[in-house]
2 protein chains.
Amino acid sequence: MVIHHKEKTFFTSKDLALSVIGGRWKIAIIWCLLQQSPLRLSEIQKYLPDVNQRMLIRQLRELEEDKIITRVVYPVVPPKVEYQLSEIGLLLEPVVTSICDWGDNFREFLKENADKTSVE
Amino acid sequence: MVIHHKEKTFFTSKDLALSVIGGRWKIAIIWCLLQQSPLRLSEIQKYLPDVNQRMLIRQLRELEEDKIITRVVYPVVPPKVEYQLSEIGLLLEPVVTSICDWGDNFREFLKENADKTSVE
DNA sequence: AACAATACTGACGTTTTTGTCACTATAAAC
DNA sequence: GTTTATAGTGACAAAAACGTCAGTATTGTT
């Protein structure tokens, strides 16, 4: 979705922010890690069954590169890897919350709209 | 970027929200219309010179379909069309604001990080 | 030696998104 | 009747995003 901040200098904060969190599943991943932390890959997959593993890993890598999440590998068998939000990642909480809140409003709005049109 | 809410029933508010505002330039458009309203197409283009016109129009159409913005055509020559946020669209202000705020934080974070690595 | 569970990676093809180019409509002004 | 400005549309190409499949590594258990 996005041009990354390493490839381009952004002038506005929103563009910079979107270059990091604009990926298709990134808000979803951040949302998971706000619910519960740390999470293993397999646990994130349970939260987000619609995302295929390949994609999930790609988005996790990008978030890690941008220092939004941290990745800790435990040298055990079977392998264990834990993901959690970094300090700057945790600051995304208001973004996720405001999106969820607006989604609630919009759902309500859609419902009212549907009611109206079915009455007419 | 997104699967639209007309094609799928979303269970979480964030997924519903992202199905509407997840498009590449949508936050940018909404941001413009929060700065100043109403705006004509040509004025939005001045705010967002990186978006080509075709794309801008497509995103405007989608936002209009979802009732996030309204489009008013004045029957004059040359044509005049004004866009502005609807009631539900205006409620996106906290989303845009929180994204901008986080962007500021992240820019600061990047700068600190760059300072550190250049010292080492 | 085969199998198990977890967390991956690489190659590749498909789909979606984005961009480009050329074109249209309008009515007034020249 | 040609030009002007604004706001578009259609067809298509290019690029980016996404998904699928098969495969790797690890080492303890059977």
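The structure displayed is predicted, hence computed values, not measured ones. So you know, we letter chains A, B, ... as the sequences are listed, proteins then strands, and number each from 1.
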Novice: Near DNA chain C, which residues from residues 27-47 of chain A have a heavy atom under 4.0 Å away?
Specialist: A/Arg40, A/Leu41, A/Ser42
Novice: Roughly how far, to the nearest 0.5 Å, is the NE2 atom of A/His4 from the OG atom of A/Ser19?
Specialist: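 The NE2 atom of A/His4 is 5.5 Å from OG of A/Ser19, to the nearest 0.5 Å.
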Novice: Along nucleotides 25-30 of chain C, 5' to 3', which nucleotides get a B, which get an S, and which get a -, given that the test is a protein heavy-atom distance under 4.0 Å?
Specialist: -BB---
Novice: Distance check: side-chain N/O of A/Arg54 vs OP1/OP2 of D/dA22, anything under 4.0 Å?
Specialist: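 Checking D/dA22 against A/Arg54, no side-chain N or O comes under 4.0 Å of OP1 or OP2.
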Novice: Check whether any side-chain nitrogen or oxygen of B/Tyr83 sits under 4.0 Å from OP1 or OP2 of D/dG8, and answer yes or no.
Specialist: yes
Novice: Whole angstrom is fine here: how far is it from CG in B/Asn52 over to C1' in C/dT20?
Specialist: 8 Å
Novice: When you match A/Arg58 and B/Val73 each to their closest nucleotide on DNA chain D, which lands nearer the 5' end?
Specialist: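 Whichever sits nearer the 5' end wins; that is B/Val73.
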Novice: Mind checking B/Gln59 for me? I need base, sugar-phosphate or nothing, with any heavy atom below 4.0 Å counting as a touch.
Specialist: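 Counting heavy atoms under 4.0 Å across all strands, the contact made by B/Gln59 is with sugar-phosphate only.
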Novice: How close or far is atom P of C/dA7 from atom CZ of A/Arg71, stated in whole angstroms?
Specialist: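 Result: 10 Å.
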Novice: Take B/Glu93 and B/Leu85, measure what side chain to side chain contact (heavy atoms under 4.5 Å, CB included) needs, and give me the verdict at the end.
Specialist: CA-CA 10 Å; B/Glu93 190 271 328; B/Leu85 289 165; over 6 Å; no
Novice: When hydrophobic residues are tied together by side-chain contacts of less than 4.5 Å, even through go-betweens, does A/Val77 share a cluster with A/Leu41?
Specialist: no
Novice: Do you reckon A/Val73 sits in the same ILVMFWY cluster as A/Ile29, going by side-chain contacts under 4.5 Å, direct or chained?
Specialist: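 Hydrophobic grouping puts A/Val73 with A/Ile29.
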Novice: Between B/Lys26 and B/Leu63, which heavy-atom pair has the shortest distance, and what is it?
Specialist: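 Smallest heavy-atom distance, with atoms named: CD-CD2, 3.7 Å.
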Novice: So does B/Arg24 get a side-chain nitrogen or oxygen closer than 4.0 Å to the phosphate oxygens (OP1/OP2) of D/dA17?
Specialist: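 So the side-chain polar atoms of B/Arg24 never come under 4.0 Å of the phosphate oxygens OP1 or OP2 of D/dA17.
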